[in-house]
Amino acid sequence: MATSALLYPNLTLGEDGHLLFDGLDTVALAEKYGTPLILLSEDRVRAHCRTYREAIEAALPRGSRALYASKALSFRQIYPIVESEGLGADVVSPGELATALSAGFPAERIFFHGNNKTDADLRFALERHVGTIVVDNQEELARVDELAGEVGLCQDILLRITPGIDPHTHAKINTGRIDSKFGSAIETGAAEAITAAALAAPHVDLRGFHCHIGSQIFDATPFLDAAEIMISFIARVRSEHGFTADTLNLGGGFGVRYVAEDPEVDIAAHVRVLGEGIARACEAARLECPRILLEPGRSLVADAAITLYTVGSVKEIPGFRNYVSIDGGMTDNPRYTLYQSKYTMLTANRAADPADFTATIGGRCCESGDLLGEGVAIARPARGDLLAVLTTGAYTYSMASNYNRVCRPPIVIVHDGEDRLAVRRETFDDLMACDL
Ligand SMILES: *Cc1c(COP(=O)(O)O)cnc(C)c1O
């Protein structure tokens, strides 16, 4: 039955077999707003924020908090939602920073990331009094220090450190992971060198360290490994440089369920395990526990959204496969093209029908790699049917493009049984807005 495709409790079946999203009929929403259409459940985002907040308050030292890694899904209305749930925010570019600030997000609760911030980026952030800059490397440290001096302030910073962990093999020291464009590695001595430089820099205030080990991680062990390595690094810095970090930022990366085979992630349980491990490691190092920051992106928004498409052609190629074409694709969701990411899909206007048809879902672009999935089981669709792709809140709209001059879809937020347009559909005028 197709009902196994209803991965989350906010997805239900209407009496007429339509897929309901937070109780609203997806067929009616597609008619109202057109397709492709992204639906985002505000209640689900808020529930995920609360799960993090409550788990962190219960299990981690005072002052610990979650920061929304907003590269996962950045548009103005998402910022007040996470802000009102008590989270901070991560940005990785001045564009994300400008979006967050224009939505009223408090600058002091924003962390500015990125492996190659330009001087213009840094000046933009410093002049707007961004709370913390997460410094990636020595050249950047020197520029932050100089520019902060010019702007006339002492900037709070964290240093991005590479702990040498492969979250998917659980190998503690995997040289492959030192081979990264991000951060300074502990193993090579780069981490200690940049720490010494930061402590000597007059216009920065080093608060602690940051690491981010990966994404779509389903258990707490790699985070715990990273925390232990970072805590022993903090202890060594204390004994060798007399500096005690007050902040340890462990990055993001908790996984979400895209398909029924993926495990369900119990965030609260993982945060508890992490809290116990951190307390143990700090005690062993005779270190007062720093405040812990976590940076969830995907796990706050991915399973809060679905994308609706209208089915066009259905081609059955005997002896080969079935192609179902839709009115979107890699332009609104490049994840299958980039990573062969798996998705759960269903024919939303006939969601009760058995998923008895195996299809390759093709996008509308002139690019044979423009697919949303292969071997996908859905109820056999026909032209005009509605295809729902689940778990599309993270790294889809934020990675969208205008390839083939396709307009980006709107985002409609559903909250308290009401739908509201949060990002309108792009128009041809938008596409040509920069063309002289
Ligand atoms: C991407 C990123 C995150 C968020 O990762 P998710 O897998 O979306 O949770 C957090 N911190 C940093 C530094 C990142 O680059």
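For ligands, and for the atoms within them, numbers begin at 1 and follow the listed sequence.
Between the side chain of S215 and the main chain of G253, no donor-acceptor pair closer than 3.5 Å is present. With R50 contributing its side chain and V45 its backbone, the two residues share no donor-acceptor pair below 3.5 Å. Under the 3.5 Å distance criterion, the side-chain polar atoms of R257 are matched with a main-chain donor or acceptor of A260.
Contact atoms of ligand 1 toward E295: 3 (C), 4 (C), 9 (O), 10 (C), 11 (N), 12 (C), 13 (C) (distance under 4.0 Å to a heavy atom of the residue). Using a 4.0 Å cut-off to heavy atoms of S215, the atoms of ligand 1 that qualify are 6 (P), 7 (O). Less than 4.0 angstrom separates some heavy atom of A69 from each of these atoms of ligand 1: 3 (C), 4 (C), 10 (C). The ligand atoms of ligand 1 that sit less than 4.0 angstrom from a heavy atom of G252 are 9 (O), 10 (C), 11 (N). Within ligand 1, counting atoms from 1 as listed, the ones closer than 4.0 Å to a heavy atom of R298 are 6 (P), 8 (O), 9 (O). Per-residue contacts place H210 under 4.0 angstrom from the following atoms of ligand 1 (heavy atoms of the residue considered): 13 (C).
Residue contacts with ligand 1, taken as heavy atom pairs separated by less than 4.0 Å, involve H212 solely via side-chain atoms from C-beta onward.
Protein heavy atom nearest atom 2 (C) of ligand 1, with residue, atom name and distance: K71 NZ, 2.2 Å.
Between Y397 and F75, the ring centre distance reaches or exceeds 6.0 Å. You'll find the ring centres of F254 and F218 outside the 6.0 Å limit.
Residue R160 has no nitrogen or oxygen atom sitting less than 3.5 Å from a nitrogen or oxygen atom of ligand 1, judged on distance alone. Polar contact check, H113 against ligand 1: no nitrogen or oxygen pair lies under 3.5 Å apart. At least one N or O atom of Y395, backbone or side chain, sits closer than 3.5 Å to an N or O atom of ligand 1. At least one N/O-N/O distance between G297 and ligand 1 falls below 3.5 Å.
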All N/O donor-acceptor pairs, side-chain side in residues 93-101, below 3.5 Å, sequence neighbours left out:
{"from": "S93", "atom 1": "OG", "to": "G95", "atom 2": "N", "distance (Å)": "3.3"}
{"from": "S93", "atom 1": "OG", "to": "E96", "atom 2": "N", "distance (Å)": "3.1"}
{"from": "E96", "atom 1": "OE1", "to": "V92", "atom 2": "N", "distance (Å)": "2.9"}
{"from": "T99", "atom 1": "OG1", "to": "G95", "atom 2": "O", "distance (Å)": "2.7"}

For residues 280-293, which side-chain N or O atoms pair as donor and acceptor with protein atoms under 3.5 Å away, sequence neighbours left out?
{"from": "R291", "atom 1": "NE", "to": "T247", "atom 2": "OG1", "distance (Å)": "3.0"}

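D90 is not listed as a side-chain neighbour of K71, based on a closest heavy-atom distance of 4.5 Å or more.
In this structure, G253 counts as a contact residue of ligand 1, since one of its heavy atoms falls inside 4.0 Å of the ligand.
For the pair R405 and Y403, the cation does not sit on the ring face, since its NZ or CZ is not both under 6.0 Å from the ring centre and inside 45° of the axis.
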